[in-house]
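Below is one structure, written out as structure tokens; comments come after it.
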Amino acid sequence: MSNPSLLILAGDGIGPEVMDEVKRVIDWFGDKRDLKFDVSEDLVGGAAYDVHGTALADETMAKALEVDAVLLGAVGGPKYDDLDFSLKPERGLLRLRKEMDLFSNLRPAQCFDALADFSSLKRDIVAGLDIMIVRELTSGSYFGEPRGIHVENNERVGINTHRYTESEIDRVARSAFELARRRNNKVCSMEKANVMEAGILWRDVVNEVHQADYADVELSHMYADNGAMQLVRAPKQFDVILTDNLFGDILSDCAAMLTGSLGMLPSASLGAPMENGRPKAMYEPVHGSAPDITGMGKANPTACILSFAMALRYSFDKGDEATRLENAIESVLASGVRTADLMQAGETNPVSTTEMGDAILAALEASL
Ligand code: IPM
Ligand code: MG
């Protein structure tokens with residue numbers, strides 16, 4: 001049998017730097033755990049635009065549809081700020097999500113004990129936090145038609161359409177309920193059913209799916225604005241949060257900051273199962289391309305490495321190896337190794353991106 005295939009799209013800014021550390025981790029699992037992957041690499045975002053004049057070449061899109069999983073670094077940068085909207089680096093990412101039909105975006109917000117003091121919230125509010133945001137990723141205001149800017153009565157009008165079909169809500173709700181069963185069995189669904197019809201439908205369909213197939217899971221509903229407030233008031237009340245594309249974008253950044261640093265947070269974007277039973281999948285850190293520190297060796301590779309751990313768990317059914325990697329990272333943090341984003345006032349001597357990679361590899365070795 002051939003090895004499972006990975007397509008690495010390192011992208012822009014710190015993407016290539018953090019991805020270099022992921023490649024070392026991938027090699028380690030190949031050498032030491034007999035988990036070998038066929039790895040190929042290609043361009044996305046500004047890096048693709050520079051070569052192909054588009055943020056994602058058709059050949060790259062075709063490859064992404066063929067592999068077992070895509071690992072993405074980050075896209076975007078100030079160099080591309082003035083590009084036409086259709087050419088912007090972000091369009092490459094959105095095209096991947098849409099054409100791979102990655103409707104379920106898993107964004108865990110976990111507070112590592114060693115980092116509980118880095119949060120802008122008090123330690124006891126966030127210590128031990130472990131929530132999972134399930135964000136719908138292929139519909140809603142990000143993709144709804146009609147959209148655009150046109151002139152009406154001599155003034156410009158900007159239009160985006162917040163649109164959800166029943167089947168779109170149904171499938172992402174199922175993925176949230178399935179996940180909850182493997183966690184603490186609770187789902188809180190967030191929308192704005194008080195002002196939006198699409199929110200009323202969202203709530204109805206989530207209730208229907210729940211009653212039909214997941215009545216054993218504890219389900220609650222919250223208006224998304226209240227949800228944002230509850231996330232900073234008492235985040236530990238949540239287990240799985242289910243929400244749409246736009247609210248999910250906002251709520252997941254909010255949840256991310258509870259954990260202290262964006263440099264720590266991975267994500268998985270999953271679609272329907274392929275012929276081999278694996279879901280279509282793309283894994284990426286939640287952080288962006290961080291142009292301000294690009295090329296300085298300062299970036300924290302942890303989020304990108306944790307995204308590979310998610311790939312081990314969700315694409316390759318290697319939950320034990322994913323846990324091994326997560327534990328290795330936890331022990332590195334517990335030993336006080338810190339990249340620059342994890343420095344507190346008065347602390348000095350952060351480790352570099354590569355040194356963080358070294359420490360994680362050493363911890364993996366120690367786990368054998
Ligand atoms: C995210 C990002 C993207 C989004 C951008 C880069 C298009 O903010 O993954 O959360 O808005 O979805
Ligand atoms: Mg975002």
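Order of appearance sets the numbers: ligands from 1, and atoms from 1 within every ligand.
- Note: an N/O pair closer than 3.5 Å links Asp249 and ligand 1 by distance alone.
- For the Mg ion (ligand 2), the N/O/S atoms of Asp253 include none lying under 2.8 Å.
- For a threshold of 3.5 Å applied to N or O pairs, the pair formed by Arg97 and ligand 1 contains at least one separation below that value.
- The cationic atom of Arg174 (NZ for Lys, CZ for Arg) does not lie both less than 6.0 Å from the six-membered ring centre of Phe103 and within 45° of the ring axis.
- Nearest N/O/S atom of Asp249 with respect to the Mg ion (ligand 2) is recorded as OD1.
- For atom 1 (C) of ligand 1, the closest heavy atom belonging to the protein is Arg107 NH2, 3.3 Å.
- Stacking of Lys186 on the aromatic ring of Phe238 is not recorded, the 6.0 Å distance cut-off and the 45° axial limit not both being met.
- Cluster membership for Leu7 and Val25, using ILVMFWY side-chain heavy atoms within less than 4.5 angstrom, is not shared.
- Protein heavy atom closest to atom 4 (C) of ligand 1, with residue, atom name and distance, is Tyr142 OH, 3.4 Å.
- Summary of contacts: the protein heavy atom closest to atom 6 (C) of ligand 1 is Glu90 CG, 3.8 Å.
- Arg135 and Ser252 share no side-chain donor-acceptor pair at under 3.5 Å.
- Taking the six-membered ring wherever Trp is involved, the centroid distance between the rings of Tyr164 and His162 falls below 6.0 Å.
- Classification of the Phe177-Tyr214 ring pair by plane angle, with boundaries at 30° and 60°, yields parallel.
- Looking at ligand 1, you'll find an N or O of Arg135 within less than 3.5 Å of one of its N or O atoms.
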